[in-house]
K.L.:
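The following block contains the structure, expressed as structure tokens.
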Number of protein chains: 2
Amino acid sequence: MAFRPIHTRRAFEEICDRIREQLALGVLKPGDKLPPERDLAQQLGVSRNVLREALRSLEMAGVLRLQKGVKGGAFVQQGDTSRMNVVMRDMLSLGTISIRELSEARVQVLDLVVRLACANARQSDFEALQANVERTELFTREGRLLERVECAREFYKLLAIACGNKVIAMITDAVTEIHMRFVYAKVASSGVAMARLVERRKQFLAALRERNAAAAARLMRGHLGAVQKMLEQDPGAMSLQIALAEMKPGMK
Amino acid sequence: MAFRPIHTRRAFEEICDRIREQLALGVLKPGDKLPPERDLAQQLGVSRNVLREALRSLEMAGVLRLQKGVKGGAFVQQGDTSRMNVVMRDMLSLGTISIRELSEARVQVLDLVVRLACANARQSDFEALQANVERTELFTREGRLLERVECAREFYKLLAIACGNKVIAMITDAVTEIHMRFVYAKVASSGVAMARLVERRKQFLAALRERNAAAAARLMRGHLGAVQKMLEQDPGAMSLQIALAEMKPGMK
DNA sequence: TTCCATTGAATGGGTGATCCATTTAATAAT
DNA sequence: ATTATTAAATGGATCACCCATTCAATGGAA
């Protein structure tokens, strides 16, 4: 018989829960401002320090933004879809999930994404992807490989958006972000880069425009396999630790 | 031209990042204990209050557990896969995603899960699912409907585990948790319940055992559709707010 | 009047000292 | 040997400050 550890209820947890409850009930909405720390602390009957522990946690969770100055305060945010990426990173760092599992999941999720995008993509989605491929082409011509990696990151984001479902998009982003760090680190360290990337993108986009899910999915699977192979080429011997720890600016 | 808001760097963020960096680098591993707050604060050159803001945030993120008493301290945890559920809940509360998107995503994810489970499930997975169906049968016979809902929640968890990929399992859990709250609230308020649930489960499990992905996926789709229809039956007029705010014990 | 510099209040950011509550190990009493 | 007591370590929480930033109000100069 195993007992789950008791979680002694602490003030800051209670506060977080109450604020989240107000959010769930719709009493608090994005854009709203909470009372000043000093007031709210008094209302809740806790010290300002404890209240701040709660506010900080909610800020880290992407629920609040704290802003200084008169007219500042704690503002309810629009949901930050990148919080899921942080969860994924933590799981990897802690060894709860493995790179292999993440890659596998990514392949499966992208397969789904491609099929959904084929079914649901709008003209504007195609145009955004088209523009992305053109930028990729530019960077390829000019040998700006690291910028091309950023382009690739954006490509998957646009593809996920083309599904027309923000939940799927969020999930896709979460399983893609770490992977792109690896690619970035690989390209930065070894200078190698995917051959015929633009060609592949164009083929893929053509299949997508024809809404040919089977062909698009096949092309995507093939591409992912090729990228995987490139990553596994020894030189550089990518390390999980390095890729995770190296926080490139703008890579939140 | 739009500028991203500058994020003034605050001490607690810096601390969180440094600790996460140590995790990513493998310097800190699950089970490790951080120095006592008083020591660590001094090492980092910050006040204990600020350090605590950081530790609290990391605790909320499921990275640390803080334990009182001599021999207590801040311990690095195994990754908590339920953190993704919290993100999903926040996104819903904040209106970043909709129930409709979540349901759609769930249908798609479960389709994938069923196929993967067909391919990868082991004997032990079948046995766990079998045992779950038997409990479902018991609760059905005895009219313990709310416990049966808990059983259903477990069913999807087991199915996700049968995929053999923890990332997929985590995602599945995240898209399933909210849904099961709705079902719970519906059953609790109206007393209605899915007809022929056990029969459906048995059929599904049989298809899974035969590793007949097409049949299993078809059965799952049918079942999800039926459940959706049940939820949409007016009486009770389920409210997102209520389902989200009502925190049933054990539903973390 | 219009514009710009000054100023002051509101608010989050951060500090240090202090006490409480819980947990555990060492110690003492039975 | 067993049990009760005690003391130390550690997180939980409070209080009283002070600093830095922001912005609106004020007031003087053009």
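A, B, ... follow the sequence lines: proteins, then strands. Residue 1 opens every chain.
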K.L.:
What is the separation between atom CG on B/Leu34 and atom P on D/dG11, rounded to the nearest whole Å?
P.N.:
9 Å
K.L.:
Can a salt bridge be assigned to the pair A/Arg9 and A/Asp17 using a cut-off of 4.0 Å between side-chain N and carboxylate O?
P.N.:
yes
K.L.:
Counting heavy atoms from C-beta on, name the nucleotide in D/dT14, D/dA13, C/dT15 closest to the side chain of A/Arg10.
P.N.:
D/dA13
K.L.:
Would you mind reading off the distance between B/Arg65 atom CZ and D/dG12 atom P, rounded to a whole angstrom?
P.N.:
11 Å
K.L.:
Measure from the side chain of A/Ala11, starting at C-beta and using heavy atoms only, and say which of C/dG13, D/dA13, D/dT14 lies closest.
P.N.:
D/dA13
K.L.:
Check the distance between D/dT21's P and A/Leu66's CG and give it to me in whole angstrom.
P.N.:
16 Å
K.L.:
Does the base of C/dG13 carry an N or O that pairs as donor and acceptor with the side chain of B/Arg9 under 3.5 Å?
P.N.:
no
K.L.:
From CZ of A/Arg52 over to P of D/dA16, roughly how many Å is that when rounded to an integer?
P.N.:
17 Å
K.L.:
Check this for me: does any side-chain nitrogen of one of A/Arg18 and A/Glu21 sit under 4.0 Å from a carboxylate oxygen of the other?
P.N.:
no
K.L.:
Take the protein atom CD of A/Glu37 and the nucleotide atom P of C/dT15, then report the distance between them rounded to whole Å.
P.N.:
15 Å
K.L.:
Rounded to whole Å, how long is the line connecting atom CD of A/Gln67 with atom C1' of D/dT22?
P.N.:
9 Å
K.L.:
Given C/dT15, C/dT11, D/dC18, identify the nucleotide with an atom nearest to the side chain of B/Val50.
P.N.:
C/dT15
K.L.:
Any idea which of D/dA24, D/dG11, D/dC15 is nearest the B/Asn49 side chain?
P.N.:
D/dC15
K.L.:
Taking the six-membered ring of B/Tyr156 (Phe, Tyr or Trp), confirm whether the NZ or CZ of B/Arg106 is under 6.0 Å from its centre and within 45° of its axis.
P.N.:
yes
K.L.:
Between A/Lys68 (NZ) and D/dT21 (P), how many Å, whole number?
P.N.:
5 Å
K.L.:
Here's a test for you: under side chain to side chain contact (heavy atoms under 4.5 Å, CB included), which of B/Leu40, B/Leu51, B/Leu58 qualifies with B/Leu34?
P.N.:
B/Leu40
K.L.:
Looking only at the side chain of A/Lys71 (C-beta and beyond, no hydrogens), which of the listed nucleotides D/dC23, D/dC18, D/dA13 gets closest?
P.N.:
D/dC23
K.L.:
Go nucleotide by nucleotide along DNA chain D from the 5' end; which of A/Gly69 and A/Ser47 gets its closest nucleotide reached first?
P.N.:
A/Ser47
K.L.:
Could you check whether A/Ser47 and A/Asn49, counting side-chain N and O atoms only, form a donor-acceptor pair closer than 3.5 Å?
P.N.:
no
K.L.:
Heavy-atom nearest nucleotide on DNA chain D for A/Gly72 versus A/Arg38: which residue maps closer to 5'?
P.N.:
A/Arg38
K.L.:
Using a distance-only criterion (donor-acceptor N/O pair, under 3.5 Å, no hydrogens), is the base of C/dG14 paired with the side chain of B/Arg48?
P.N.:
no
K.L.:
How many whole angstroms separate atom CD of B/Gln42 from atom C1' of D/dT10?
P.N.:
16 Å
